[in-house]
S.K.: 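Could you have a look at this structure, given as structure tokens, before my questions?
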There are 2 protein chains.
Amino acid sequence: MQSYTEENYLKIIYHLSVISNPVQTNAIAERTQTKAASVTDMLKKLSDKELVDYVKYQGVTLTEKGKLMAINIVRKHRLWEVFLVEKLNFKWDEVHEVAEELEHINSTLLTERLDEFLEFPKVDPHGDPIPDQYGNFADLSFIKLSKLKVNDKGTITGVSEHSSPFLKHLEKLGLTLGKKIEVSEIIDFDGSVELLIDYKKINISREVALHILISK
Amino acid sequence: MQSYTEENYLKIIYHLSVISNPVQTNAIAERTQTKAASVTDMLKKLSDKELVDYVKYQGVTLTEKGKLMAINIVRKHRLWEVFLVEKLNFKWDEVHEVAEELEHINSTLLTERLDEFLEFPKVDPHGDPIPDQYGNFADLSFIKLSKLKVNDKGTITGVSEHSSPFLKHLEKLGLTLGKKIEVSEIIDFDGSVELLIDYKKINISREVALHILISK
DNA sequence: AATATTTTTTAGATTTGTCTAAATTTAAAA
DNA sequence: TTTTAAATTTAGACAAATCTAAAAAATATT
């Protein structure tokens, strides 16, 4: 059984290894809000437990065992986020901190029953995929427009909000099913997105981007 | 903000102080699965934080501040138990361990939204009362028969299970509304209860006792 | 009341996760 | 390629929560 702290390191290494592999000490220190020296100590410990492959001065990679643990924490985090938003009416930006705590509750029964209660969601409220209990991610045919990076292209294939004001709004902007779009800019300030569609530039709010589904 | 460990001590002192006040060091050591020496250390610490009144060799009492914190933990524990049983179909004997972890999640928003989601339950699945967010317990006019001790007397005033097989069973045993009962024995082995009713002794299972409401 | 027993506390040590400051290694620049 | 800068590790220390063993206080027994 791992400690709360060890679990956090595994999760952070998992997320960082998407960006660069192996993961550097300083990157981990920044995320854990600790110092590089503390990270080194912990990496040795995780290495002893065979949860990471650690080479001095080179960085770390998760072992298969460590990766499964990390994915399990991600799974719990995202399931709890769905719970908070769908059942307890949290707003999408209120869930993170609480989910950071809930993800460390260790009970297989709890996790699986929660999954069932939520009707086996495939994505969390931010559009991130939820792995199953074996660590497999469903290969989603679409992702939320809000998940695209600048210069990413795709085709509008669905929406996750079906109210008529929202759909009318999309209609008016020309954002209809099958349309090809390209992200030209993401405004940090409010998360709004500038799109290239039919050779024209339009701007949509983050709120709208969250509810448009894109396939590549 | 208190640590996980400090919260546990407060909760345990709260529960033990119902039995004896002030609470002795050894009693706490037994419950926390630690040694008396460790308890002494922690009591000093909690005393410094003004969460307990601690007199060497005499024992501890919670301060008003400490008591409120303890009650808040009990509140969360019992709300989560309701959630696990009502929403996730846990059995009443499967909830304790998980609730022991969930009770330490600190988010007022979460606790209050959960309370609302569960429609403000007044008792947990074991029949124990759930305090409100200010630490007040509703003075329940009834408690579950399973909560009575040997020699306790009371009157049957309701049931918490309304299926017809259950009600027929009660009818057959003579356990009808308004009947006066006295607990003559509680069998440790299976939790079944021996009752004195109409000058006769009858035996009911723990399962049945759990669903009969008694007023004194 | 004196002695024995139980309970509690103190003293000193250990483990986990962290820190600072100095030393080492790797990467970048001249 | 030598020098400089950045990243990383080591060494030694600290706080939290725990332990064992021994001392002190309270309680029970003769």
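Chain A is the first sequence line, chain B the second, and so forth, proteins listed ahead of strands; every chain is numbered from 1.
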S.K.: Determine the contact category for B:T5: base if any of its heavy atoms lies under 4.0 Å from a base atom, sugar-phosphate if only primed atoms, P, OP1 or OP2 are that close, otherwise nothing.
M.R.: sugar-phosphate
S.K.: Looking at the rings of A:Y9 and A:Y14, which for Trp means the six-membered one, are their centres under 6.0 Å apart?
M.R.: no
S.K.: Name the pairs: protein N/O against N/O of nucleotides 9-15 of chain D, kept only if under 3.5 Å.
M.R.:
from   : atom 1 : to    : atom 2 : distance (Å)
D:dT9  : OP1    : A:Y54 : OH     : 2.3
D:dT9  : OP1    : A:Y57 : N      : 2.9
D:dT9  : OP2    : A:T25 : OG1    : 3.0
D:dT9  : OP2    : A:T40 : OG1    : 2.8
D:dT9  : OP2    : A:Y54 : OH     : 3.4
D:dT9  : O5'    : A:Y54 : OH     : 3.4
D:dT9  : O4'    : A:Y57 : OH     : 3.4
D:dT10 : OP1    : A:K56 : NZ     : 2.5
D:dT10 : OP2    : A:K44 : NZ     : 2.6

S.K.: Please report, rounded to the nearest Å, how far the P atom of D:dT8 is from the CD atom of A:E30.
M.R.: 11 Å
S.K.: List the residues meeting ring-ring contact (aromatic ring centres under 6.0 Å, His included) with A:H96, not counting sequence neighbours, and say none if there are none.
M.R.: A:H77
S.K.: Looking for any heavy atom pair under 4.0 Å, which part of the strands does B:S38 touch: base, sugar-phosphate only, or nothing?
M.R.: base
S.K.: Just grab all the salt bridge (charged side-chain N to carboxylate O under 4.0 Å, His left out) pairs involving residues 14-38 of chain B, residues at least two apart or on different chains.
M.R.: none
S.K.: Determine the contact category for A:Y9: base if any of its heavy atoms lies under 4.0 Å from a base atom, sugar-phosphate if only primed atoms, P, OP1 or OP2 are that close, otherwise nothing.
M.R.: sugar-phosphate
S.K.: With sequence neighbours excluded, what pairs up with B:Y4 under the ring-ring contact (aromatic ring centres under 6.0 Å, His included) test?
M.R.: B:H104
S.K.: Mind calculating the distance between CE (A:M42) and C1' (C:dT18) to the nearest angstrom?
M.R.: 10 Å
S.K.: Taking only side-chain nitrogens and oxygens of B:N26, does any of them come within less than 4.0 Å of OP1 or OP2 of C:dT6?
M.R.: no
S.K.: For A:D128, what residues pass the salt bridge (Lys or Arg N to Asp or Glu O under 4.0 Å) criterion, not counting sequence neighbours?
M.R.: A:K147
S.K.: Expressed in angstrom and rounded to an integer, what is the separation of A:I28 atom CD1 from D:dT8 atom C1'?
M.R.: 12 Å
S.K.: Just jot down the side chain to side chain donor-acceptor pair (under 3.5 Å) partners of B:K56, sequence neighbours excluded, or say none.
M.R.: none
S.K.: B:K35 side chain: which of D:dC19, D:dA7, C:dT8 is closest?
M.R.: D:dC19
